[in-house]
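For clarity, every value in this text was computed on a predicted model and none was experimentally measured. Position 1 is the first residue of the sequence; numbering continues from there.
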Amino acid sequence: MQKNNSVKLYFFYFLTIYIFLFCTNNYFNFVDSLKFGGADGFSYMAISKDAPLITSEKMMSIHSERFFFPYIIGLFSNFSNVDFYVVYKIFVFICLAIINLYTIKIFRYLNLNLQTILILLTLINFNPYITRFYLAIPTIVNDLIFVSGIIIIIEKIITKNKNKFFILLGFILTFASRQTSVGLILAYIVSILIKGKKLLPIKNEIIGISVFIIFVILNIYYSSNIVVNSSSRYELYSPEMRIFGFFIQDIPLKEKLIFLLLPLLSFAPLLLYLIFTRKLKVSFKEIIKSKLLVFLLSFLVLVILQPILSGAGVTGRNIIRLVTLAYIPFIIFLILITKEKKTYILSKKHFTVIIIIIATFHSFHPTFSIIKIFDILRF
């Protein structure tokens, strides 16, 4: 009976929260989406429209190497006669459903109480760089697909679930969506090197390695057959610039500091909640002793550090969106190394209301929300 009540409550929660988001979100057409943060969507749409052929449009290799899901979207659209842009929107909705479903599974497995789960889900779904951005600009859905895959994999690792189908699904979503997925491989290797223990059974490791190799080959094949856009600024995407760009770019110190602070536009409400409600329960030495925590920490460092190291000249304001790829794994990691405080500055009920209000206002992004109370903060 209690389980049925929880299911009804989750259903009511998502119905309420997404009705609110849908009614207050901006929805750009494809042309407008290119102007408001979705410039990469030009390449992805070209891949979709030319599927099942390799696109004839000129594009950057970094975009063509993410061809798989735009290609699948194109196949589905061409054979079903559903508009390409609509199919991208459908994929956004599917990804948001997967992300929430598997996040709930993780939180429930970690024995978080219902109130805490609902607050964390509110912080996740009201983060404009997880929901509103992709509702407004669905062609950048590869980001959400990547997050979906990562959350599935983390859930299977945490719960020690050996289901090969869902592990396979998680690896496909992750490795086929973004080059950032290399961070998953590196983090897994780091956890083995430090702990000498594996997080997954050998069969699942073989599945992961096989999927990774397959998509590396497919991405290289597709990318090598596209017409390279010679007008693009390829020097900005060289290995040197991607690793040392923050240090070697000729950018004023003030702009670099602003660049480093931009992720707070995504993470600030979450950090506020965690600071006032939770406290550390493990030391750094204890973190190093846990293969799971080493894996998660390594993954977070790699995903967050990559756009930072590329510097303001390459990453620009995209740093907010790219760092937010680590938002949910960051929550999971912090939940694992902290415990709830026994006393709050305010009563738990009042603090919960304040956090929900802050999260709601946080969702009113001046570009992606129709509510423009933060227009004055544009810079």
Side-chain angles (χ1 to χ4, degrees), residues 27-96 98 133-150 169-182 184 211-234 236-237 242 306-307 314-316 318 321-322 325:
Y27 298 95
F28 301 124
N29 59 37
F30 174 61
V31 174
D32 286 341
S33 75
L34 301 177
K35 306 172 187 175
F36 295 108
D40 294 357
F42 178 85
S43 299
Y44 303 142
M45 187 64 83
I47 292 169
S48 297
K49 288 183 175 180
D50 287 341
L53 302 176
I54 293 176
T55 183
S56 57
E57 288 282 352
K58 295 181 179 180
M59 66 179 64
M60 296 176 59
S61 295
I62 195 171
H63 296 160
S64 63
E65 290 168 3
R66 302 170 188 161
F67 85 96
F68 183 76
F69 286 107
Y71 189 85
I72 295 298
I73 288 171
L75 290 178
F76 182 86
S77 180
N78 282 320
F79 287 109
S80 66
N81 288 321
V82 178
D83 181 74
F84 296 101
Y85 205 58
V86 171
V87 180
Y88 273 98
K89 291 181 179 180
I90 292 171
F91 268 64
V92 168
F93 299 145
I94 292 172
C95 287
L96 289 173
I98 291 173
F133 176 87
Y134 301 100
L135 292 174
I137 306 174
T139 50
I140 314 298
V141 72
N142 266 21
D143 288 1
L144 281 185
I145 294 172
F146 172 79
V147 175
S148 301
I150 288 296
L169 175 63
F171 283 132
I172 290 173
L173 295 176
T174 302
F175 293 136
S177 55
R178 287 189 60 89
Q179 296 90 331
T180 313
S181 59
V182 173
L184 179 70
V211 172
F212 177 72
I213 292 172
I214 287 170
F215 281 107
V216 167
I217 293 170
L218 287 175
N219 290 344
I220 290 173
Y221 174 77
Y222 193 95
S223 183
S224 63
N225 282 279
I226 57 104
V227 179
V228 175
N229 186 351
S230 58
S231 65
S232 297
R233 300 178 297 167
Y234 278 95
L236 291 181
Y237 295 92
R242 300 290 281 183
Q306 187 274 316
V314 174
T315 306
N318 278 330
R321 173 174 60 86
L322 295 176
L325 296 176

Residues two or more places apart in sequence or in another chain: which of them pass side chain to side chain contact (heavy atoms under 4.5 Å, CB included) with Ile214?
-> Leu218
Could I get the full list of side chain to side chain contact (heavy atoms under 4.5 Å, CB included) partners for Glu65, not counting sequence neighbours?
-> Ser61, Gln179, Asn219, Ser223
So how far is it from [X] [atom1] to [Y] [atom2], rounded to the nearest 0.5 Å?
X: Phe91; Y: Leu96; atom1: CZ; atom2: CG; answer: 13.5 Å
X: Ser148; Y: Ile172; atom1: OG; atom2: CD1; answer: 13.5 Å
X: Ser33; Y: Tyr27; atom1: OG; atom2: OH; answer: 14.5 Å
X: Asn29; Y: Asp32; atom1: CG; atom2: CG; answer: 4.0 Å
X: Leu34; Y: Thr139; atom1: CG; atom2: OG1; answer: 6.5 Å
X: Thr315; Y: Gln306; atom1: OG1; atom2: CD; answer: 6.5 Å

Kindly indicate whether the side chain of [X], heavy atoms from C-beta on, has any atom under 4.5 Å from the side chain of [Y].
X: Val227; Y: Ser56; result: no
X: Ile217; Y: Ile220; result: no
X: Ile150; Y: Leu173; result: no
X: Leu135; Y: Phe93; result: yes

Could you pull out every donor-acceptor pair under 3.5 Å between side chains of residues 40-47 and any protein atom, sequence neighbours left out?
{"unit_1": "Asp40", "atom_1": "OD1", "unit_2": "His63", "atom_2": "NE2", "d": "3.2"}
{"unit_1": "Ser43", "atom_1": "OG", "unit_2": "His63", "atom_2": "ND1", "d": "3.1"}
{"unit_1": "Tyr44", "atom_1": "OH", "unit_2": "Arg66", "atom_2": "NH1", "d": "2.9"}

Passes side-chain contact (heavy atoms from CB on, under 4.5 Å), Val141 versus Phe69? Steps please.
-> CA-CA 9 Å; Val141 72; Phe69 286 107; 5.7 Å; no
Under the side chain to side chain donor-acceptor pair (under 3.5 Å) test, residues paired with [X] that sit two or more places apart:
X: Thr55; answer: Asp50
X: Asp143; answer: Tyr134, Arg178, Arg321
X: Glu57; answer: none

With sequence neighbours excluded, residues passing ring-ring contact (aromatic ring centres under 6.0 Å, His included) with [X]:
X: Phe36; result: Phe28
X: Phe171; result: Phe175
X: Phe215; result: Phe68
X: Phe67; result: Tyr71, Tyr222

For Cys95 and Ile145, which heavy atoms make the closest approach, and how far apart are they?
->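 Smallest heavy-atom distance, with atoms named: SG-CG1, 3.5 Å.
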For Ile140 and Gly38, work out which heavy atoms get closest and say how close.
-> CD1-CA, 3.9 Å
Looking only at atom types and distance, does a side-chain atom of Ser77 sit under 3.5 Å from a main-chain N or O of Gly74, one as donor and one as acceptor?
-> no
Side chain to side chain donor-acceptor pair (under 3.5 Å): which pairs involve residues 81-92, sequence neighbours left out?
-> Ser48-Tyr88
